[in-house]
Undergrad: 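Supplied in C-alpha cells, the structure appears directly below.
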Amino acid sequence: MGIGTVGSGTFNVLERNQDEIRRRAGRGIEIAMVADLDTARARSVVGDKAKVVGDAREIIANPDIDVVVELIGGYGIAKALVLEAIAAGKHVVTANKALLAVHGTEIFKAAAEKGVIVAFEAAVAGGIPIIKALREGLTANEIQWVAGIINGTTNFILSEMRDKGLDFDVVLKEAQRLGYAEADPTFDIEGVDAAHKATLISAIAFGIPVQFDKAYVEGITKLSAADIRYAEQLGYRIKLLGITKRADKGIELRVHPSLVPAKRLIANVEGAMNAVVVHGDAVGATLYYGKGAGSEPTASAVIADLVDIARLHDADPAHRVPPLAFQSHTLGAAGKDLPVLPMGEVVTSYYVRIRVSDEAGVLAKITGLLAEAGISIDAVLQREADEVGGEGSTQTDLIILTHDTREGNMDAVLAQIQGLPTVLAPITRIRKEELN
Ligand code: NDP
Ligand code: HSE
C-alpha cells in the first residue's frame with residue numbers, strides 16, 4: 001500500500017534479491033498486489049509483475065494475501081488501513097514511525113488480540129537494524145540509555161552549518177534545493193520525526209508503553225552559527241540527539257540539540273547519516289551506523305521484516321519475539337512501568353551563552369548565582385568584545401559549560417541571570433551530553 005520512495009525500493013530489492021531472500025526465508029515472498037493513488041506511476045514501477053489497484057482496501061479484502069506492507073505514511077488513511085488489515089488477520093509491515101509513535105498502543109493491542117505481527121524495523125533509523133539489535137541482540141541487558149542521530153535531514157543541516165559557518169536558514173534552503181529536506185520540513189527541523197523514533201526506541205529499550213505525548217521535543221531552528229563555532233572551540237559538536245535514559249525515578253525521553261564531545265564517534269557522524277549508541281549494563285556501549293533514509297536503505301529494513309514474518313508467521317504467537325521486546329503481560333507489571341519524567345526532572349549538563357556588557361563584576365555575579373544554586377562550572381570561555389561585537393564594542397559573549405544538574409534547577413537560575421541589567425539579550429541554553 002503506497003509505492004513511492006520506500007515502496008518502489010522494496011519492490012526493486014525484492015525482485016533483485018529474490019533468490020537469496022528465498023534461501024534465507026525458507027520460502028518465496030511474492031508481491032501480489034500494489035495499491036497507489038497514482039496507478040500509472042505504480043504500473044511503471046511494477047510492470048506486469050503485480051496487480052495494480054487504486055484502492056488499498058482491495059488488498060485487504062484479498063484472502064490470498066498474507067502480509068500487508070503500509071508505505072503511505074501519516075496518521076490518516078494509513079491508520080485506518082493498518083487497523084483494517086489487522087482485523088482481516090493480515091500481518092503488517094510498516095515504516096510509519098509517526099503512526100506507531102502516536103497510535104502504537106492501539107495498533108499493537110489490536111495485533112495481539114488478532115494474533116498477527118506488526119513489524120516496523122524501517123520506522124527507526126531506516127536501514128540500520130536498530131530495532132532488531134535492541135529487541136533481540138541486546139536482550140540480556142538492562143538497557144541504561146540510548147542516544148541517537150535519528151534524523152538525517154537535521155544532521156545534514158548541522159554538518160553544513162559547521163563545515164561552512166553558515167546560519168540555519170541559509171543551509172535549510174540549500175538542503176531543500178538538493179532534495180535532502182522536504183518542501184515542508186517542519187517534522188524534521190522541529191525534532192518531531194526524531195521524537196517519533198525516540199519514542200519507539202524508548203518503549204523497546206525499557207518495556208514501557210509508546211508515549212509520544214510525553215516526549216520533550218526541541219528542534220534545530222534556533223541554533224546559530226556562533227553556538228556551533230563556540231562549541232567547536234570548547235571541543236564539542238552540536239548534534240540533534242534523540243535520548244532515552246533510565247533514571248532513578250523514571251525514564252527520560254527527549255529530543256533536542258546537544259553538545260557532544262568531538263572525540264566521540266557519534267560526534268563525527270556527518271551529512272544525512274544516522275547513528276545510534278545503546279548502553280547496556282552487560283555489553284557497555286554499542287554503536288550502530290548507516291543510512292537512515294532513502295529508497296533502498298529503507299527497503300532493506302522493510303524486507304528484513306518480511307523475511308521475519310515468512311519465517312515466523314505460522315509459529316504460535318506466544319513464541320514470537322514480542323513487537324516491543326517485552327512480553328505484553330509484563331508491561332505495567334509492578335514497578336516495571338516507569339513513568340516518563342517531565343523535563344524539569346531530567347539531569348544533564350549545559351552550554352550557556354550569555355550576551356553581557358563587558359564590565360567589572362559581571363562574570364562574578366553570574367558564577368555566584370550558579371554557585372548559590374549548587375551548579376558546578378566545567379569551563380568558561382569569553383571572547384574579546386571586539387571579536388564579538390566589532391571594533392569598540394562594549395558587549396561580549398560569556399560561554400559557560402556546567403556539570404550535571406536538574407533541569408528545573410537550571411531553569412530557575414537562568415531566569416535570575418536573565419533578569420540582571422548587565423545581561424543584554426535572551427540567553428542561549430543547549431544541553432550537553434558526555435555519552436561516557
Ligand atoms: P512517498 O510519498 O514517496 O510514498 C507514499 C506513496 O503512497 C505515494 O506514492 C502516494 O501516492 C501513496 N498513497 C497516498 N495515499 C494512498 C492511498 N490512500 N492508497 C494507496 N497509496 C497511497 O513516501 P515515502 O516512501 O518516502 O514514505 C513512506 C513511509 O515510509 C512513511 O511512513 C515514511 O515516514 C516512511 N519512511 C520513509 C523514509 C524515506 O527515506 N523516504 C525512511 C524511513 C521511513 P501519491 O504520491 O499519488 O500521493
Ligand atoms: N525525514 C527523515 C530523515 C526520513 O530526515 O531522517 C527518514 O525517517
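Read the numbers this way: they start at 1 and go in the same order the structure lists the ligands and their atoms. A quick note: this is a predicted structure, and the numbers were derived from the prediction, not measured. Heavy-atom basis, side chains included; hydrogens, waters and symmetry copies ignored.
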Undergrad: Salt-bridge test for Lys239 and Glu433: reply yes if a basic N is under 4.0 Å from a carboxylate O, no otherwise.
TA: no
Undergrad: For atom 5 (O) of ligand 2, find the nearest protein heavy atom and state the residue, atom name and distance (0.1 Å precision).
TA: Thr153 OG1, 2.5 Å
Undergrad: Can you work out which protein residues put a heavy atom within less than 4.0 Å of ligand 1?
TA: Gly2, Ile3, Gly4, Thr5, Val6, Ala35, Asp36, Leu37, Asp38, Arg41, Leu71, Ile72, Gly73, Ile77, Ala95, Asn96, Lys97, Ala122, Ala293, Gly294, Thr298
Undergrad: So, are Asp169 and Lys173 salt-bridged, with charged N and O less than 4.0 Å apart?
TA: no
Undergrad: Less than 4.0 angstrom from a charged side-chain N to a carboxylate O is my criterion; do Lys90 and Glu70 meet it?
TA: no
Undergrad: If the threshold is 4.0 Å, N to carboxylate O, is there a salt bridge linking Glu232 and Arg162?
TA: yes
Undergrad: Under 4.0 Å, counting heavy atoms only: does Gly292 come that close to any atom of ligand 2?
TA: yes
Undergrad: Give a yes or no on whether a salt bridge exists between Asp308 and Arg320, defined as a side-chain N under 4.0 angstrom from a carboxylate O.
TA: no
Undergrad: So which heavy atom in the protein is nearest atom 8 (O) of ligand 2, and how far is it from that ligand atom?
TA: Lys97 NZ, 2.5 Å
Undergrad: Run the salt-bridge test on Asp314 and Arg27 with the 4.0 Å N-O cut-off and return the result as yes or no.
TA: yes
Undergrad: Quick one: nearest non-hydrogen protein atom to atom 1 (N) of ligand 2, plus distance?
TA: Asp188 OD1, 2.8 Å
Undergrad: I'd like to know if Lys291 pairs up with Glu296 as an ion pair, taking the criterion as any Lys NZ or Arg NE/NH1/NH2 lying under 4.0 Å from an Asp or Glu carboxylate oxygen.
TA: no
Undergrad: Take the angle between the ring planes of Phe212 and His196 and call it parallel below 30°, perpendicular above 60°, tilted in between.
TA: tilted
Undergrad: Can you tell me which residue and heavy atom of the protein come closest to atom 3 (C) of ligand 2, and the distance to 0.1 Å?
TA: Asn151 ND2, 3.3 Å
Undergrad: So which bit of Asp193 gets within less than 4.0 Å of ligand 2, heavy atoms only: side chain, backbone, both or neither?
TA: side chain
Undergrad: List the closest protein heavy-atom neighbour of atom 6 (O) of ligand 2: residue, atom name, distance to the nearest 0.1 Å.
TA: Gly152 N, 2.7 Å
Undergrad: Out of all atoms in ligand 2, which are within 4.0 Å of some heavy atom of Ala293? Include the element for each.
TA: 4 (C), 7 (C)
Undergrad: For ligand 2, is there an atom lying under 4.0 Å from some heavy atom of Glu182?
TA: no
Undergrad: I'd like to know if Arg177 and Glu174 make a salt bridge, using a cut-off of under 4.0 Å between side-chain N and carboxylate O.
TA: yes
Undergrad: Which atom names give the shortest non-hydrogen contact between Ala198 and Gly242, and what distance separates them?
TA: CB-CA, 4.3 Å
